[in-house]
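Report on one structure; see the data block that follows.
As the structure is a prediction and not an experimental result, all values here were calculated from the model. Below, chain A is the first sequence line, B the second, and so on; all start at residue 1. Values reported hereafter were calculated over all heavy atoms of this structure, with side chains retained and with hydrogens, waters and symmetry mates removed.
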There are 2 protein chains.
Amino acid sequence: MKAEITTEEKIKVAAAKVFTKKGYAATKTRDIAEEANINIASLHYYYRSKEKLFQIVIGEALGTFSQIMDDIFCSELPLHEKIKEFVIQYIDFFSANPYLPIFIVSESQNNPDKINKILKNDQTIMNLRKELELLHEMKVIRQIQPAQFFLNLISLTAFPFLAKPLISKKMDLSDNDYVSILANRKKLIPDMMINFLYYEQP
Amino acid sequence: MKAEITTEEKIKVAAAKVFTKKGYAATKTRDIAEEANINIASLHYYYRSKEKLFQIVIGEALGTFSQIMDDIFCSELPLHEKIKEFVIQYIDFFSANPYLPIFIVSESQNNPDKINKILKNDQTIMNLRKELELLHEMKVIRQIQPAQFFLNLISLTAFPFLAKPLISKKMDLSDNDYVSILANRKKLIPDMMINFLYYEQP
DNA sequence: AAAATATTTAATCATTTGATTAAATAGATT
DNA sequence: AATCTATTTAATCAAATGATTAAATATTTT
């Protein structure tokens, strides 16, 4: 029953937790060391610097985040099923990692370069473009730019996680209220997307 | 032709600029002093501390942000015109202040208390609730929770500003592309919202 | 103009923070 | 077991940072 977790891994997990919650600038290497229960020198022993450790953490965060959509849009599901899958999977993912959306969005503003390598899956966008064009030619859906389609989908899905404190206050909602609202959005968002896109509901 | 701007004001303007762009933790008082072209001691002379200055800046940011929606939802416009106004005004506002959405969202995570005083306009939400209920009873729109309505509207409008770096990379868009996409959303978002809500398009 | 008050400035302080060092300990290899 | 390598630790460093001080300068009041 030995916990098979190395110091190196412990540090990365702790770093992910603290960086994700507080952001790069507000995170102190000592916060990470404390969270990981290790000496601060071990952090540098394994990862050299705060910056290098951060790059690893944000790289993995972006990778995971990106993988979900790439898998869905490269799948053989019909468009309306892709939409549903997208919403369900990301709402579940963000519910399990509530600080991730704001972390990714915040830090990607300061790391515009780092994003390049990870976030670019041309296949995903090419597939999406083809599919939207084809369905429009077949008079199944209205004409829409892939960027607009994608923005609609991800905006409706991700923003409620980003703005939870704001919306909760403004709307006077409890945490439970908010969970229930998010659950309802698993159906509402696809309904709205499909209602807008399709000439006849599939 | 004298520039009638006091040191005190210069500092606040500079602070707003730097805080908004870099966030609280990454902003150094010396950054603000340099941006304002003043001695660092003047900052403390007028505002006592970095924290106090920050509270003023974020307070004004939240106030401006909130005022726009309160004005619209407390107006006498019909719902579909409110939607259009909301989208147009916020897209213009965020275009002029591109760092504001992410600043508000990021810092409101760390300042959940500060939000209370500023962001709560019960009138706005009460009006919205009443209007949605009434229009539903009149069989003009489908039934929808005010929170879901509001989330849809603000998500579609604000998120594209938050995620500009991410989306630009993923979709391979230039800055000009993005400006044009945002402009198109002034029509697309109300179309989508109204299409979903109204049984018959108004 | 003189005195009083307000503002600006350079210098400095104490703490925090990312990083390093060198010694101690643990683990592997011979 | 003895030697060598890898890991962990306490102590420390240098730079950065929020804040203050006291003197210099500007502005207002008398």
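One interatomic measurement links the two molecules: CZ of A/Arg30 to P of D/dT12, which rounds to 14 Å at whole-angstrom precision. The nearest whole Å value for the distance from the CD1 atom in A/Ile40 to the P atom in D/dC13 is 16 Å. Spacing between atom NZ of B/Lys50 and atom P of D/dG18 amounts to 5 Å, rounded to whole angstrom units. For A/Leu43 and D/dT7, the CG to C1' distance is 14 Å, given to the nearest whole Å. One can place CD1 of B/Ile38 at 13 Å from P of D/dG18, the figure rounded to the nearest angstrom.
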Pair B/Asn152-B/Gln148, side-chain hydrogen bond (donor to acceptor under 3.5 Å, both in side chains): steps then yes or no: CA-CA 6 Å; B/Asn152 292 340; B/Gln148 296 288 13; 5.6 Å; no
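The aromatic rings of B/Phe150 and B/Phe86 stand perpendicular to each other, their planes meeting at an angle above 60°, with 30° marking the opposite boundary.
Within 4.0 Å (heavy atoms only), B/Tyr46 reaches sugar-phosphate atoms of the nucleic acid but no base atom.
The ring pair (Phe, Tyr, Trp, His ring centres under 6.0 Å) analysis of residues 5-36 of chain A, with sequence neighbours excluded, yields the pairs A/Phe19-A/Tyr24, A/Phe19-A/Phe54, A/Tyr24-A/Phe54. Applying the ring pair (Phe, Tyr, Trp, His ring centres under 6.0 Å) test to every pair with at least one member in residues 173-199 of chain A, sequence neighbours left out, gives no pairs at all.
Environment of NZ in A/Lys21: sparse, with no more than 12 heavy atoms of neighbouring residues, nucleotides or ligands closer than 6.0 Å.
For DNA chain C, the contact window with chain A, defined by any atom under 4.0 Å from a protein heavy atom, covers C/dT17 to C/dT21 in 5' to 3' order.
Between B/Lys170 and A/Asp70 a salt bridge is recorded (basic side-chain N to carboxylate O distance below 4.0 Å).
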